[in-house]
Amino acid sequence: MALHKTPSRKRKRLIAGMIAGLMTVGAAVGVATASAHGGFYYTGGGSDRGDRSDRDRDRGGDRDRDRDQDDQSPEEDLLAPPSEDFYVDIQDVEPNAGDLELAASPGRFVTRCGRNEERHLNSANVVISPGVFNGAQHVHDYVGNLTTTEKSDNRSLAAGDTTCRFGDRSTYYWPVVRELGVQGADQNQPGGAVDGNVGRILTPAEVTVEFRGNAEDKVSPMPRFLRGVTGDAKAVTNGDDNVNAQWTCTGFEDRRTTQYPICPEGSSLMRILDFPGCWDGENTDSDNHRDHLRFAEQDGECPRGTRAVPQLRYTLVYDAPNEVQGFALDSFPEEAHNPKTDHAAFINVMPRRLMNFAVRCINSGRSC
């Protein structure tokens, strides 16, 4: 089945505008960095989805890939769309979820936190790069704790407001997906076009944050302030060892891919982000932010020296254009929006009583 690629009319105009924006703010970025003591905290106005008529009117982006490479400036390279090779028709992907899905207990606990209607967005990464302004060089979407920036610590998170029910002040975050060919509100901001991330940020149509059980053992409570990551934001640079991207479409959840899926009419883009569910029983973090939390073995058992804890999963659904180069993930500039760099992080700030309730629910096989 042929993939859809929308003819574009304004790419050179859009790139010229972006380059002009980069030149305008280039000298000011250092000033903005030095003065933003609270970190870059972007709250864009208006809906990112908008009306289709607005998209058609605003859509700029000549996606013609036959440009003369010798004439490209570094800024043009930075703002180039993702490779067409990153996209695949989901109907051309063989069913494979049986190989990717670990056997899990039937118990699950869902913490309901909305879908970031509050527009809490920034380019911090408090788990990987605490204290570093624009540490991600791309924008993260958040649900849960509303105070999360690179300056956050356990104390500030414990006191912060939250979008989650029952006082769950955890911070749950992942890189945004953008509709390409449409000018984003953060075109002159770090994390946005300054770092090569262009387009309109899409608010997820659905966000599910759930904790699942282990097939072999009862789960124990997560410790408060446990930090966790999944995937590798620098997988192009680092290699595939920590790649954990799972892209699919609604109605095709049995087919998962590390490419951007093009979904048929009536189906929506979906991301599944699974975290490790085996804890070392001692540390809430580690030097590489991975060693204290491990993934279960293929049969579901936790590795020696670890115990099962509730295994976190994000499921994100988007009303994204079903077109080649119609949407892309934010990324570090050198990662070129490769879909295999999908990743996510969390910090557990659940009240102990709520965590204990989640554990009882999961271990009893219920869905709460």
Side-chain angles (χ1 to χ4, degrees), residues 1-4 82-108 174-175 177 204-216 228-236 238-278 290 293-303 308 311-329 331 335-344:
M1 181 175 294
L3 300 183
H4 302 292
S83 169
E84 294 179 28
D85 295 337
F86 291 168
Y87 297 79
V88 63
D89 193 310
I90 193 62
Q91 296 175 94
D92 292 337
V93 177
E94 294 294 327
N96 58 9
D99 297 329
L100 298 172
E101 191 76 43
L102 291 176
S105 73
R108 65 194 290 262
W174 53 85
V177 169
E206 299 176 25
V207 172
T208 303
V209 178
E210 65 179 310
F211 294 87
R212 308 189 304 160
N214 181 279
E216 297 295 323
V229 299
T230 186
D232 188 352
K234 295 188 175 181
V236 174
N238 295 338
D240 291 350
D241 287 351
N242 292 310
V243 168
N244 199 28
Q246 298 183 68
W247 296 87
T248 185
C249 300
T250 57
F252 295 85
E253 290 89 339
D254 62 335
R255 309 172 189 218
R256 302 184 195 172
T257 176
T258 57
Q259 294 175 274
Y260 293 126
I262 302 302
C263 306
E265 185 175 356
S267 177
S268 297
L269 177 68
M270 177 182 284
R271 300 160 70 186
I272 298 173
L273 293 154
D274 284 334
F275 288 83
C278 301
R290 297 182 189 275
L293 275 176
R294 304 284 298 280
F295 282 95
E297 306 290 354
Q298 192 167 5
D299 61 4
E301 288 192 2
C302 281
Q311 184 256 318
L312 178 60
R313 165 179 282 186
Y314 302 156
T315 303
L316 313 172
V317 177
Y318 297 86
D319 295 331
N322 284 322
E323 304 160 357
V324 173
Q325 299 177 320
F327 64 92
L329 186 71
S331 74
E335 304 302 306
H337 311 287
N338 193 310
K340 73 178 182 180
T341 64
D342 203 6
H343 61 281

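In this structure, the separation between CG on Leu316 and CH2 on Trp174 is 5.0 Å, given to the nearest 0.5 Å. Between atom CZ of residue Arg313 and atom OG1 of residue Thr208 there is a gap of 10.5 Å, rounded to the nearest 0.5 Å. Once rounded to the nearest 0.5 Å, the distance linking CZ of Phe86 with OG1 of Thr257 reads 12.0 Å. If you take CG on Leu269 and SG on Cys263, they are separated by 5.5 Å, rounding to the nearest 0.5 Å. Of the inter-residue distances, the one linking Asp232 atom CG with Lys234 atom NZ reads 9.0 Å to the nearest 0.5 angstrom. Between the SG atom of Cys249 and the CD1 atom of Ile90 there is a distance of 4.5 Å, given to the nearest 0.5 Å.
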Between Val207 and Tyr314, is the side-chain contact (heavy atoms from CB on, under 4.5 Å) condition met? List the steps. CA-CA 7 Å; Val207 172; Tyr314 302 156; over 6 Å; no

side-chain contact (heavy atoms from CB on, under 4.5 Å) between Asn238 and Asp241: does it pass, once the steps are laid out? CA-CA 8 Å; Asn238 295 338; Asp241 287 351; over 6 Å; no

Derivation of the side-chain contact (heavy atoms from CB on, under 4.5 Å) call for His337 and Ser331: CA-CA 5 Å; His337 311 287; Ser331 74; 3.6 Å; yes

How far apart are the C-alpha atoms of Thr315 and Met270, what are their side-chain angles, what is the distance that settles it, and do they pass the side-chain contact (heavy atoms from CB on, under 4.5 Å) test? CA-CA 7 Å; Thr315 303; Met270 177 182 284; 4.0 Å; yes

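Side-chain N or O atoms of Thr248 include none that pairs as donor or acceptor with a backbone N or O of Arg256 at under 3.5 Å. With Gln325 contributing its side chain and Pro82 its backbone, the two residues share a donor-acceptor pair below 3.5 Å. When atom types are taken as modelled, the side chain of Asn214 and the backbone of Gly300 share a donor-acceptor pair closer than 3.5 angstrom. Without hydrogens or angle criteria, Arg212 side chain to Arg108 main chain gives no donor-acceptor distance under 3.5 Å. Checked by atom type and distance alone, the side chain of Thr230 pairs as donor or acceptor with a backbone atom of Asp274 at under 3.5 Å. Judged purely by atom type and a 3.5 angstrom limit, Asp254 has no side-chain atom pairing as donor or acceptor with the backbone of Ala97. A donor-acceptor pair under 3.5 Å links the side-chain atoms of Gln259 to the main chain of Asp85, judged by distance alone. Within the 3.5 Å criterion, the main-chain N or O of Gly251 finds a donor-acceptor partner in the side chain of Glu253. The main-chain N or O of Phe275 is found under 3.5 Å from a side-chain atom of Gln311 such that the two form a donor-acceptor pair. A donor-acceptor pair under 3.5 Å links the side-chain atoms of Tyr260 to the main chain of Leu329, judged by distance alone.
The two atoms that bring Tyr318 and Ser268 nearest to each other are O-CB, 3.4 Å, heavy atoms only. Taking all atoms of both residues into account, the shortest heavy-atom contact from Ser267 to Thr250 is OG-O, 2.6 Å. The shortest heavy-atom contact between Glu216 and Glu301 is CG-CG, 3.3 Å.
More than 12 non-hydrogen atoms from other residues, nucleotides or ligands lie less than 6.0 angstrom from CZ of Arg290.
Judged as a side chain to side chain contact (heavy atoms under 4.5 Å, CB included), and not counting sequence neighbours, the contacts of Glu206 are Val317.
In this structure, the ring of Phe327 has its center less than 6.0 angstrom from the ring center of Tyr87.
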